Amino acid sequence: MRSKYSQLLSPGIAALAALTSTACSGVQSALDPAGPQAHNISRLWWLMFYVCTAVFIAVTIVLGLAINRSRKISGAEDLAPELEMPPEAETRRRNIVAAATAFTVVTLFVFLVASFFVGRGMSAELSAKQGVVVEVTGHQWWWEVRYLNDDASSIFTTANEIHIPVGTPVTLTLKASDVIHSFWVPNLHGKTDAIPGKVATMWFQADRPGTYRGQCAEYCGLQHAHMGLIVIAESREQFNSWITSQTQPAIQPSSATAARGQQIFMSGTCNMCHAISGTEAGSNIGPNLTHIASRQTIGAATMTNLGDHLSQWIADSQKIKPGNRMPPHNLSPEDLQAVIDYMQTLK
Amino acid sequence: MLRKVFRLKLLCVVNVAAIVCALMSVSCQREKRVFESSPPPAQSSQVTLSQIRPGAQTAASPASNDAENHAYDVNEGKRLFTQYNCSGCHANGGGGIGPALMDEKWIYGSEPVNIYSTIIEGRPNGMPSFRNKVPDSQVWQLAAYVRSMSGQLRKDVSPNRSDDMMPHKSEQASERKTPQNSSPPQ
């Protein structure tokens, strides 16, 4: 009998073990924390997990005992229900119920206190944290990222990619331009809603270098699932050199095809929505393309930023991300290649 | 007797179901949305149905604008009207640097193709040409929205809310104004 149970259980246990080990690491996992707040959240999560598992096991055991007991009773001759219990049995049951209720209340109270402290730890010290200030605006369906600075000439705009220095708190001001979005990078912090007309503020910090994926966590329309971003935590030197390169205006094309690409960009539909600093393109409807070639992904972390992907995207992004705001473009293959060449010079 | 009652009930149920189906098919049309449209031709089509100057502009146009039948397209037109900065001159339809679009006066014709060619060709005294700048499908969405401002569209497809404070009621709530020819403001 026992061996039969263990046979049934062992694949389940193996699957559970495999699940827990894979779910605990990754570029988008709340169980692989890389910052102080994410650590707090994951500790709370594990506390709840272990306590709830213990409760579940205890309840299952008690349930099993109760079933076993009723079986024993039904095996007996006397099937009449116990209407009048002996007083000592009555007291015993009352004590059991009281103890179980007290235990439940205490457990929930522990959860309450723990989550209170985790919550307070996440929002506290916000005013004191003034390392790097980044303004993130949710759009359908991409993230606009603006690095603020007291020196106006050092302010720049990028999209779907946030670089942060390791070990420095980063303050984020979150906005939304159309509908409610929610900013969520599980490795670094919990979710914060971005609501149109409001400014939400949060901060996070990465303790180790790495690339962490984020995702919109509030359903915001058709391509909500493809509204990702990446956070790249790097050393202070790398971060500073990235900032320096991003504050530069776009590189002017040197080759003939890239120059042709720039001409197509400026005379066609592209510059109705996209901006490239240092050129006449200055619209803020779509992502800023000043340094598009330096980014790792396109289409809000939908695809890696390769020439092939970029040309597919420009030719007909509706096939890749149906319903997105970028209309399809019927460029000749040479013109398309010229635009790609121009995009790839924008490092 | 009982059978008769049952038959009557059945008839009722069938009728109600038919009405619900009919209603649903109507609203489906309103909500229709094309996700994978074929890329537009490289050049914007060359329709010039009204003359570039005011005057003999009311050539009856055969072409209808399919965007006018779909709520999504009209709402996209509304979004683009702001984002492409049409409001910069037309001020949410009330007019300013450019003429008002929510009244009954039409200088270059009120048909969808007239509006299309106004956007594509531009007009004297300020309206720029957006040829090759705005894809055809979006021009039709904008044309549909422009007509919704003076109540020319069906009520159920016109936008029923504004994201910002507007000087007027929503397009859905605005009453239909009979188009009249007008000369440009002096």
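What you see is a predicted model; the values in this text were computed from it and never measured. Chain letters run A, B, ... following the sequence lines, proteins first, then strands; residues in each count from 1. Hydrogens, waters and symmetry mates play no part in the numbers below; they use all other heavy atoms, side chains included.
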Could you tell me whether [X] atom [atom1] has more than 12 heavy atoms of other residues or ligands within 6.0 Å of it?
| X | atom1 | answer |
| --- | --- | --- |
| Asp150(A) | CG | no |
| Lys155(B) | NZ | yes |
| Lys105(B) | NZ | no |

Going by residue number, which parts of residues 263-277 of chain A are within reach of chain B, meaning a heavy-atom gap below 4.5 Å? Met266(A), Ser267(A), Gly268(A), Thr269(A), Asn271(A), Met272(A), Cys273(A)
Interchain contact, Leu222(A) with chain B, by part (heavy-atom threshold 4.5 Å): side chain
